[in-house]
Protein chains: 2
Amino acid sequence: MKNISKEDYLSVIFKNLDEEGGIKPNIIASKLVVSNAAVTDMLKKLAKDGLVDYKPYKGIQLTAEGESYARNMVRRHRIWEVFLNEVVGMAWDKVHDEANRLEHSSSDDLINRMEEMLDYPEYDPHGDPIPSKSGRMPKLKKHRPLSDLNEGESGRVIRVNDFDQKFLVYISGIGVKLDEKITVKEKRSFDKSMEVIIKGKPWNISSKIAKNVFIEVK
Amino acid sequence: MKNISKEDYLSVIFKNLDEEGGIKPNIIASKLVVSNAAVTDMLKKLAKDGLVDYKPYKGIQLTAEGESYARNMVRRHRIWEVFLNEVVGMAWDKVHDEANRLEHSSSDDLINRMEEMLDYPEYDPHGDPIPSKSGRMPKLKKHRPLSDLNEGESGRVIRVNDFDQKFLVYISGIGVKLDEKITVKEKRSFDKSMEVIIKGKPWNISSKIAKNVFIEVK
DNA sequence: ATTTTAATTTAAGCATGCTTAAAAATAAAA
DNA sequence: TTTTATTTTTAAGCATGCTTAAATTAAAAT
């Protein structure tokens, strides 16, 4: 029987590694919305499968095999996102959830065909880089969260976090999309909210929003 | 947790109902390649879910809800097949297995979009009819197995069974495809094999092959 | 009608992945 | 350093879907 959850664990681990290449069970549990106990459980299985190095209480790291498996899952996910968006015409804010399911059920052959049809895209619809067949990850241009910009600064959106569909719906609604120019008009220190200008119109956005939109650094 | 196997059971039941709208556990088990015990088990669950009417030892029938669920699964499967074949360019003999996985992981929205892109196809790449969104099934033109044709008769392929990939690879290899003309040159009574002409070339085919290729009746 | 054969169901058990509650280890605060 | 809080792990248990072996029912053959 094919095991979907293992693939989800690997992706989440891969996408949330810290600077030393490790991750805490805590983080995995919250990203996957399962109990810490479930994470411990799965870590043992992944370790037995040779996909992670796991020393109880000590640390979690991907093995070479685990990393390449995870990287391939990320690749599948992001190619699906581009395909759904560009070929099928599915909205920006819907492709993530759909890809989340499809990524577990598609052959490498299908993924490779879609990639070819799309002419080897480097970024998904939210600006995240797509690993190549061989595992190479395109460089992300330098960027910083919108929340870091100071009053008067402006720049173009290069990436947005895609973990919450409602967030995407919301920012689409105010005109945020990749490559769109955003100018910070006012920043309020008490709640870190800001007023920004998008397509000439002013919008008030919370610091939570601003932290999940990334601006290219020139 | 989403349950893939229930969907497989429903599809298999739906596609193998007898004239009275019933089916034997036996058939289900062999189509799904599981034990009879597994079938009994699942039938109880499907009955509890209101998807089948099940009286132990007596009979199995789909409820209205079960039938509509099953019909939708068949729809998903066949739309995926057409899409993979026509849009993604995947070979005739590969789309079945790929669709078998994808059908469980796609939203109705995605299926409907693909259907629209394909301009509402009525038949899948093997000639099987595709239920519409409302559940209506296009009429299959009258047809009979190639094995029924007599010496000298000929006709066009209107459908082939798609349960075995190797079978599809084989018949593709000898030039069988939808709408292709086939003429029966010789029929051997001792093993029911036959010699047929396809694109001017003679081929010997077993009765097993001939039983799974269907010819339009004019 | 009775026996034999075949199909079906029940029973017991396994693996997967989840849960909550309790125990153990680590990290933070006093 | 000791206490307190947090994180992580273990333990026990549940649901799903599968297996094999045994029991039951139905169908076929005599």
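Here is how names work: the chains are called A, B, and so on, in the same order as the sequence lines, proteins then strands, and each is numbered from 1.
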Would you mind writing out the side-chain donor-acceptor pairs for residues 42-61 of chain B within the sub-3.5 Å range, not counting sequence neighbours?
{"residue": "B:Lys45", "atom": "NZ", "partner": "B:Asp41", "partner atom": "OD2", "Å": "3.4"}
{"residue": "B:Asp49", "atom": "OD2", "partner": "B:Lys6", "partner atom": "NZ", "Å": "2.6"}

Would you list the atom pairs, donor with acceptor, under 3.5 Å between side chains in residues 20-37 of chain A and any protein atom, with sequence neighbours excluded?
{"residue": "A:Ser30", "atom": "OG", "partner": "A:Ile27", "partner atom": "O", "Å": "3.1"}
{"residue": "A:Ser35", "atom": "OG", "partner": "A:Ala38", "partner atom": "N", "Å": "3.1"}

Please output the side-chain donor-acceptor pairs of residues 210-217 of chain A that fall under 3.5 Å, not counting sequence neighbours, one pair per line with the distance.
{"residue": "A:Asn212", "atom": "OD1", "partner": "A:Asn161", "partner atom": "ND2", "Å": "2.7"}
{"residue": "A:Asn212", "atom": "ND2", "partner": "A:Lys208", "partner atom": "O", "Å": "2.8"}

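Looking at the side chain of B:Ala37, the nearest of the listed nucleotides C:dC18, C:dT19, C:dA11 is C:dA11. In this structure, of D:dC18, C:dT8, C:dT19, it is C:dT8 that holds the atom nearest to the side chain of B:Thr40. Closest to the side chain of B:Ala38, out of C:dC18, D:dT19, C:dT10, is D:dT19.
A salt bridge between A:Arg78 and A:Glu122 is absent, with no side-chain N of the basic residue lying under 4.0 Å from a carboxylate O of the acidic one. The pair A:Glu103-A:Arg75 fails the salt-bridge criterion, with no side-chain N (NZ, NE, NH1 or NH2) lying under 4.0 Å from an Asp/Glu carboxylate O.
Between the side chain of B:Trp92 and the backbone N or O of B:Pro125, at least one donor-acceptor pair lies under 3.5 Å.
Residues satisfying the ring-ring contact (aromatic ring centres under 6.0 Å, His included) criterion with A:Tyr9, sequence neighbours excluded, are absent altogether.
Within residues 43-61 of chain A, the residues having any heavy atom closer than 4.0 Å to DNA chain C are, in order of number, A:Lys45, A:Tyr57, A:Lys58. Less than 4.0 Å separates DNA chain C from at least one heavy atom of each of the following residues of residues 11-35 of chain B: B:Lys24, B:Pro25, B:Asn26.
Here D:dG13 presents its C1' atom at 12 Å from CG of A:Asp41, a figure rounded to the nearest Å.
Checking the phosphate oxygens (OP1, OP2) of C:dC18, a side-chain nitrogen or oxygen of A:Ser5 falls inside 4.0 Å.
Side-chain contact between A:Ser106 and B:Arg101: absent, with no pair of heavy atoms (C-beta onward) separated by less than 4.5 Å.
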